[in-house]
Amino acid sequence: TANGTTVKGTIPASSARAAGLPIGSGDATVTLMLDGTKHVVVLDLTTAVKRASGAPVKVIVHTTFASLDHAARIVAPV
């Protein structure tokens, strides 16, 4: 990106399933775009699931974070 970084990787199917992501038997592909201050500004997640007929269905999640630092802080459970 212009003043940031793009990071690409995969989430193994077992980890994606444990995280509650819609996943078939393959890995999920993840792309993060970070701005110049290393905030996540875009998250893309691509995976595939199978229909009851066995035909694969591609699932793509694209999220942008346009209002950084405007949400309540997430705190660890006690």
Please name all residues satisfying side chain to side chain donor-acceptor pair (under 3.5 Å) with K38, sequence neighbours left out, ordered by chain then number. T5

Could you tell me whether the side chain of T6 reaches within less than 4.5 Å of the side chain of T31, counting heavy atoms only? yes

Can you tell me how far the CG atom of L34 sits from the CG atom of L43, to the nearest 0.5 Å? 10.5 Å

Considering only heavy atoms from C-beta outward, does the side chain of T29 approach that of K8 to under 4.5 Å? no

For D27 and A13, which heavy atoms make the closest approach, and how far apart are they? OD1-N, 3.2 Å

Could you state the interatomic distance from NZ (K58) to OG1 (T46), rounded to the nearest 0.5 Å? 6.0 Å

